[in-house]
**Q** 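Handing you a structure now.
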Amino acid sequence: MRSPIMAGERLYLRPMEAGDAELMARLDAAETDTFMWRWRVPTSPLQHEHFIAEGYKQQPPRHIWFSVCLREDDRFIGNVGVVDIDWVHRSGETVSWIGPAEVRGRGYGTEAKHLLLEYCFDRIHLHVLMSEVDEPNTRSAAALAKQGYRPAGRRRWTDVKDGRYVDSLLFDLTRAEWLAARDDWRAGRAAAAARR
Amino acid sequence: MQDLRPVYLRGPNVYLRALVEADKERGAAWLDATLPVNAGRAGAVLEEEHQGQRRRSARRLAIALTKDGEVVGGARVSSHDAFRTCRLAFEMAPWRDDADALRAEALGLLVHWLRDGAELMVVTVELPADQPLTSAGAEALGMVLGARLREWYGRPVGRVDCLVYQALNPRWEVRDA
């Protein structure tokens, strides 16, 4: 593992490095899903390099991003982060994106998110988090529910799909709720491991 | 400063105007009331935010008292032109007991300007739940409470929810029906 900030069973989170820019651009180019985006856009490693460099200029940072890597071979598979951190009110918005289509559906997103939540609540002591997904993105909405987030409402007309304006759904998660969800998740993982 | 008061952003008690260099002396009123901001830092923010202003999607306005021009707050308008939407955020001078009422009036001026004048589809504002006059003002403007983020703001007596209000432009709403 290279500079792990948070390590889990199969994944770890590390700071984004300049070398990730090329990998991030490749993942963007390989994106097969359309429901998450209004449109897919080709990105350059140059813009990711700029994004990564900017992310480490402000201290304390307003946004904290991690690269998600596999423990077995250090392979980069996506990013998770907490953005718009309010250090006074102890709140922020979580975002995540797990890249190559072939690694989706294996629970990596959930594991990466649990590591991020542990970082947010136990390392930097945030009190509450929110997350927002486009309404057609039912996969992400279901994942948030599984991670303990609760529905908080909606923002109207935030995007366009199939010629109509669609809403985004908001979810929130307090530290107390996360502790309960984490225990459930860990118990489920332990039970699954015992069955194997 | 009187000449900078837009005719469409004037109310009985407050008006909104573009920020000017002299406003750097009162950064705590319009920029950040929690963490100290001195005149040097406020001046740098003014300089930074006005570079390439025509291309920027966010602008900050001063909220000033009609009676004497005192700056008592700031409003940040972040627009997303491709979507015809915008978000509002307020910073109010912490020493004003009437900050809630002044913010409510400023919100009314901004929503009429953006929704009715500029014909934006959606104007969104996030408000702490302990600002009843601004919430009532939002509802009087026809804004809809779309979401409530629990325990979002810290207060000495506990935590307060964040209310997400949206003004939906009825002219667009008809088309979407």
Side-chain angles (χ1 to χ4, degrees), chain A residues 37-39 41 54 57-60 62 82-94 120-121 125-135 141 144 148-179, chain B residues 32-37 41 45 48 76 78-80 82-89 91 94 115 120-130 142-156 158-177:
Chain A
W37 322 98
R38 188 175 192 185
W39 58 68
V41 180
E54 285 297 309
K57 278 185 182 167
Q58 194 181 344
Q59 291 296 338
R62 187 170 167 221
V82 52
V83 302
D84 288 330
I85 300 169
D86 188 324
W87 294 100
V88 174
H89 295 290
R90 320 298 310 173
S91 60
E93 176 179 358
T94 55
C120 290
F121 288 122
H125 307 294
L126 297 185
H127 177 83
V128 60
L129 296 167
M130 63 86 68
S131 194
E132 185 165 4
V133 300
D134 285 344
E135 193 168 18
L144 289 170
Y149 286 78
R150 301 194 180 180
R154 64 177 58 223
R155 263 193 252 271
R156 298 284 311 277
W157 299 347
T158 51
D159 208 340
V160 171
K161 278 288 169 200
D162 300 325
R164 293 186 66 82
Y165 285 99
V166 296
D167 300 345
S168 65
L169 304 178
L170 277 64
F171 297 83
D172 61 14
L173 176 67
T174 64
R175 184 171 192 278
E177 291 161 357
W178 168 73
L179 287 173
Chain B
D32 195 332
T34 305
L35 302 174
V37 174
R41 177 61 195 147
V45 169
E48 198 177 296
R76 192 167 168 79
S78 309
S79 64
H80 197 325
F83 293 77
R84 302 291 298 162
T85 61
C86 88
R87 289 169 84 157
L88 304 177
E91 194 70 52
R115 177 188 62 188
L120 296 191
M121 274 173 51
V122 187
V123 180
T124 302
V125 66
E126 294 170 6
L127 300 170
D130 60 354
M143 299 185 85
V144 180
L145 178 61
R148 174 185 286 266
L149 298 168
R150 295 163 304 144
E151 303 179 24
W152 199 251
Y153 302 102
R155 295 286 190 261
R159 296 192 67 90
V160 167
D161 294 350
C162 169
L163 307 177
V164 181
Y165 281 98
Q166 290 192 297
L168 306 174
N169 191 323
R171 282 174 275 191
W172 288 86
E173 202 163 12
V174 170
R175 280 189 181 183
D176 191 42

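If you're wondering where the values come from, they're calculated on a predicted model, not measured in any experiment. Chain letters run A, B, ... following the sequence lines, proteins first, then strands; residues in each count from 1.
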**Q** Top residue by heavy-atom pair count (under 4.5 Å) with chain A, among B:Val144, B:Leu145, B:Val122?
**A**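 Among B:Val144, B:Leu145, B:Val122, the one with the most close pairs to chain A is B:Val122.
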**Q** Could I get the full list of side chain to side chain contact (heavy atoms under 4.5 Å, CB included) partners for A:Asp86, not counting sequence neighbours?
**A**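 Here the qualifying residues are A:Val88, A:His89, A:Ser91.
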**Q** Write down the atom of A:Arg155, the atom of B:Val164, and the distance for their closest heavy-atom approach.
**A**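 Of all heavy-atom pairs spanning A:Arg155 and B:Val164, the closest is NH1-CG1, 3.6 Å.
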**Q** Can you name the nearest heavy-atom pair linking B:Trp152 to A:Val128, along with the distance?
**A**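 Scanning both residues, the minimum pair turns out to be CE3-CG1, 3.5 Å.
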**Q** Given a strict heavy-atom distance threshold of 4.5 Å, which part of A:Leu129 is in contact with chain B: side chain, backbone, both, or neither?
**A**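 Interface part for A:Leu129: backbone (N, CA, C, O).
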**Q** Do you know the tightest heavy-atom contact between B:Ala147 and A:Gly153?
**A**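 Heavy-atom minimum between the residues: CB-CA, 3.7 Å.
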**Q** State plainly whether the residues A:Arg175 and B:Glu151 are in salt-bridge range, i.e. N to O under 4.0 Å.
**A**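 Between B:Glu151 and A:Arg175 there is no salt bridge, as every charged N stays at least 4.0 Å from the carboxylate O atoms.
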**Q** Heavy-atom cut-off 4.5 Å, strictly under: side chain, backbone, both or neither for A:Glu177 against chain B?
**A**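 Contact with chain B: side chain only.
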**Q** Could you tell me the separation between the CH2 atom of A:Trp87 and the OG1 atom of B:Thr34, rounded to the nearest 0.5 Å?
**A**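 Separation between the atoms: 15.5 Å.
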**Q** Sort B:Gln166 into side chain, backbone, both or neither according to what part of it lies under 4.5 angstrom from a heavy atom of chain A.
**A**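 Interface part for B:Gln166: side chain.
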**Q** Indicate the atoms forming the closest heavy-atom contact of A:Asp172 with B:Arg148, along with that distance.
**A**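 Minimum heavy-atom separation between A:Asp172 and B:Arg148: OD2-O, 3.7 Å.
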**Q** Could you tell me the separation between the OH atom of A:Tyr165 and the CG atom of B:Leu168, rounded to the nearest 0.5 Å?
**A**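 One finds 12.5 Å between OH of A:Tyr165 and CG of B:Leu168.
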